[in-house]
Student: 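Dumping the structure here so I can ask a few things about it.
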Amino acid sequence: MDITEKNETLEFSVTGRIDTNSSPQLEAKIKGCPANVMELVLDLSQVEYISSAGLRVLLIAHKLMQSRGGKFAVRNPSDFCRRIFEATGMDSALVIR
């Protein structure tokens with residue numbers, strides 16, 4: 001996972017799988033965002049699989065940024081992620097670019 005910080009924006013480029021094994025690490029990084037971050041972006045273009053545990057982490061990120069008055073977005077979701085977002089209704093709950 002690559003992390004890029006620019007001004008008040010933090011972007012995570014996630015690769016591989018977001019599942020019960022990897023989601024705790026992603027969740028910890030999200031919860032550890034510096035207080036000055038007002039926009040959090042997750043690039044999911046290289047994610048081949050996302051489980052319900054991964055979806056939970058995205059909701060945590062969304063709620064964290066809402067609590068700060070900031071923004072959360074998913075960028076470039078892979079085809080698999082996009083299908084999961086559509087099947088679960090997450091595509092209407094999250095900002096997807």
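Keep in mind that what you see is a predicted model, and the values were worked out from it rather than measured.
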Student: Could you give me the CA-CA distance, side-chain angles and deciding distance for S13 and T4, then say whether side chain to side chain contact (heavy atoms under 4.5 Å, CB included) is met?
Tutor: CA-CA 8 Å; S13 296; T4 307; 5.6 Å; no

Student: So, using side-chain contact (heavy atoms from CB on, under 4.5 Å) as the criterion, who are the partners of Q46 when residues are at least two apart?
Tutor: T15

Student: Counting heavy atoms not belonging to Q25, are there more than 12 under 6.0 Å from its CD?
Tutor: no

Student: If the condition is salt bridge (charged side-chain N to carboxylate O under 4.0 Å, His left out), which residues does R17 pass it with, not counting sequence neighbours?
Tutor: D19

Student: With side-chain hydrogen bond (donor to acceptor under 3.5 Å, both in side chains) as the rule and sequence neighbours excluded, what pairs involving residues 77-96 come up?
Tutor: none

Student: Applying side chain to side chain contact (heavy atoms under 4.5 Å, CB included) to K71 and V41, what does each step give before you reach the verdict?
Tutor: CA-CA 8 Å; K71 300 174 187 175; V41 178; over 6 Å; no

Student: For T20, check side-chain contact (heavy atoms from CB on, under 4.5 Å) against everything at least two apart and list the hits.
Tutor: A53

Student: If hydrophobic clusters are built by linking Ile, Leu, Val, Met, Phe, Trp and Tyr wherever their side-chain heavy atoms come under 4.5 Å apart, do L64 and M38 end up in the same one?
Tutor: no

Student: I'd like to check the salt bridge (charged side-chain N to carboxylate O under 4.0 Å, His left out) partners of R75; sequence neighbours left out, ordered by chain and number.
Tutor: E11

Student: Do I96 and I50 share a hydrophobic cluster, counting only Ile, Leu, Val, Met, Phe, Trp and Tyr and linking them when any side-chain heavy atoms are less than 4.5 Å apart?
Tutor: yes

Student: List the atom of L10, the atom of I3, and the distance in Å for their closest heavy-atom pair.
Tutor: CD1-CG2, 3.5 Å

Student: Please tell me whether I60 and I18 are part of a single hydrophobic cluster in this structure, the criterion being side-chain heavy atoms less than 4.5 Å apart.
Tutor: no

Student: Test: salt bridge (charged side-chain N to carboxylate O under 4.0 Å, His left out). Region: residues 23-45. Which pairs qualify, not counting sequence neighbours?
Tutor: E27-K31, E27-R56, E39-R97

Student: Determine the minimum heavy-atom distance between E5 and P34, stating which atoms define it.
Tutor: OE2-CG, 4.2 Å

Student: I would like to know whether I84 and L55 meet side chain to side chain contact (heavy atoms under 4.5 Å, CB included); could you show each step before the answer?
Tutor: CA-CA 9 Å; I84 294 299; L55 295 177; 3.9 Å; yes

Student: Begin from the C-alpha positions of M65 and C33 and carry the test side chain to side chain contact (heavy atoms under 4.5 Å, CB included) through to its verdict.
Tutor: CA-CA 10 Å; M65 295 314 296; C33 282; 5.6 Å; no

Student: Are V95 and V14 grouped together when hydrophobic residues (ILVMFWY) are joined by side-chain heavy atoms under 4.5 angstrom apart?
Tutor: no

Student: How would you list all residue pairs meeting ring-ring contact (aromatic ring centres under 6.0 Å, His included) that involve residues 41-97, not counting sequence neighbours?
Tutor: Y49-F80

Student: Are the side chains of F12 and L26 in contact, using a 4.5 Å heavy-atom criterion?
Tutor: yes

Student: Ignoring hydrogens, what is the shortest heavy-atom contact between L58 and L42? Give both atom names and the distance.
Tutor: CD2-CD2, 3.4 Å

Student: If you take all heavy atoms of N36 and N7, which pair is closest and at what distance?
Tutor: ND2-O, 4.0 Å

